[in-house]
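Letters go in sequence order (proteins before strands), and every chain restarts at 1.
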Amino acid sequence: MVQTQTEIRVQTQDFDLGAEYQQLASQSDCGAVVTFTGLVRDYTDPQKVTSPAPVSELFLEHYPGMTEKALASIVERARARWPLGPVTVIHRVGALPLNAQIVFVGVASAHRQAAFSAAQFIMDYLKTEAPFWKKETSGGQTQWVDARESDQQERRRWE
Amino acid sequence: MVQTQTEIRVQTQDFDLGAEYQQLASQSDCGAVVTFTGLVRDYTDPQKVTSPAPVSELFLEHYPGMTEKALASIVERARARWPLGPVTVIHRVGALPLNAQIVFVGVASAHRQAAFSAAQFIMDYLKTEAPFWKKETSGGQTQWVDARESDQQERRRWE
Amino acid sequence: MKVLFFASLRDTLGTSELQEPLATGESLTADGLRERLKSRGEAWQKALSQPSLLVAVNQAMVPWDTLLSDDDEVALFPPVTGG
Amino acid sequence: MKVLFFASLRDTLGTSELQEPLATGESLTADGLRERLKSRGEAWQKALSQPSLLVAVNQAMVPWDTLLSDDDEVALFPPVTGG
């Protein structure tokens, strides 16, 4: 009996990937579990002389109320495309230091390709539809992060 | 500095996904970590009257010496296609009860799509090129598991 | 109706929320609301002319030609950058 | 040369390993080895005629027309089913 529980959490606190995985693996009889985790990294180029100071912190703003609805809607669309077991999506908000975990997507399925595709689909739509905004602090300066055209392109391949 | 360490393990003992993930996330500055875990499940259809007895155990045989080489070669081919950080592949052998973990693939990358694609690529090639064979026990009877044409097809899309 | 602003748009406008009354029988689209808000000054004119701006009505993203009701919660924001 | 058999093929043949001598100057492909082994009896004839059979030389999969050397480790096995 495959469970189809969806868990959506928007939270300031950190999450434990091992515990999230155990929940996905134990609450179903799905043979495949795929997880995606995104972390705060500094991608400023140390080779460039004109590069800004290294990123020291991110601040994640969101639209409370809409975020959970947007994430649940994305998971429902994934369920309409692939046979999925339990799915968990966690997104952190607030101040996040370098190396902090930002986002977790975990998908269980009886089918390996379904688990992979659904996790990618959920991340691609999360990046373009879920109301989160990143503000970056580097060298004491803060600025809003620009959206990337590549994220739009990655979402469009599912249309 | 992105690390490109490859860890390949073929072992009888279980593995701890949380610990494997922590190693991938901490030994690099990659912003994306994708994991795949395969588990022993019983996919015999309880609706079918003619269905065999439920699977109670798997036995995983392998070709010692060649398995590690085959897995390392698959990871190298993935590295030639995508910019990857650390990669871990673990495959268990011997007797594995229902619900046991069989296989783990963990890929870190600066790029989300690279991490997803490489993990899928490694699983698709592992399923068709790495010398492991499953023997299934159900209702006291053991039999070798047949290879599936769908696994061949999934590998061919990378050619 | 309630109008919310988020992220860089809120910072530029210096406003996170305002009330915009809708007369009885008045027909206004999300784009019409945007045009009306532009008349509030130069900062508004400039910030609301960004073609990449997104709009949500009652916490769901909608196209700009969506008709609004007086009890709607409308939110305007720049492209999202989570994940 | 050393010839290894795995999984269902080993069970059917009742043999996990054998030595097959290669005469000096003799030219033998993996497929030629398969044909030679078929002459060992009916079970061998049948099991080694499976078109899905795979062959590895020195622990790497190779095509059936690969030429063998006397110091090679050759392995014959059914399609793999790990993961």
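- Electrostatic pairing of Lys69(A) and Glu76(A) does not count as a salt bridge here, judged by no charged N lying under 4.0 Å from a carboxylate O.
- When each of Trp144(A), Phe104(A), Phe132(A) is checked for heavy-atom pairs under 4.5 Å with chain C, Trp144(A) comes out on top.
- A distance below 6.0 Å separates the ring centres of Trp44(C) and Phe5(C).
- Of the two parts of Ala70(A), neither the backbone nor the side chain holds a non-hydrogen atom closer than 4.5 Å to a non-hydrogen atom of chain C.
- When ring centroids are compared, Tyr63(A) and Trp133(A) stay outside the 6.0 Å threshold.
- Atom CD of Gln19(C) has more than 12 neighbouring heavy atoms from other residues, nucleotides or ligands inside a 6.0 Å radius.
- Other residues, nucleotides and ligands place no more than 12 heavy atoms under 6.0 Å from the CD atom of Glu42(C).
- Chosen from Arg148(A), Lys135(A), Met123(A), Glu129(A), the residue pairing most often with chain C at heavy-atom distances under 4.5 Å is Glu129(A).
- For Asp11(C), the part lying under 4.5 angstrom from a heavy atom of chain A is the side chain only.
- Both the backbone and the side chain of Ala7(C) have a heavy atom closer than 4.5 Å to some heavy atom of chain A.
- Neither the backbone nor the side chain of Asp151(A) comes within less than 4.5 Å of any heavy atom of chain C.
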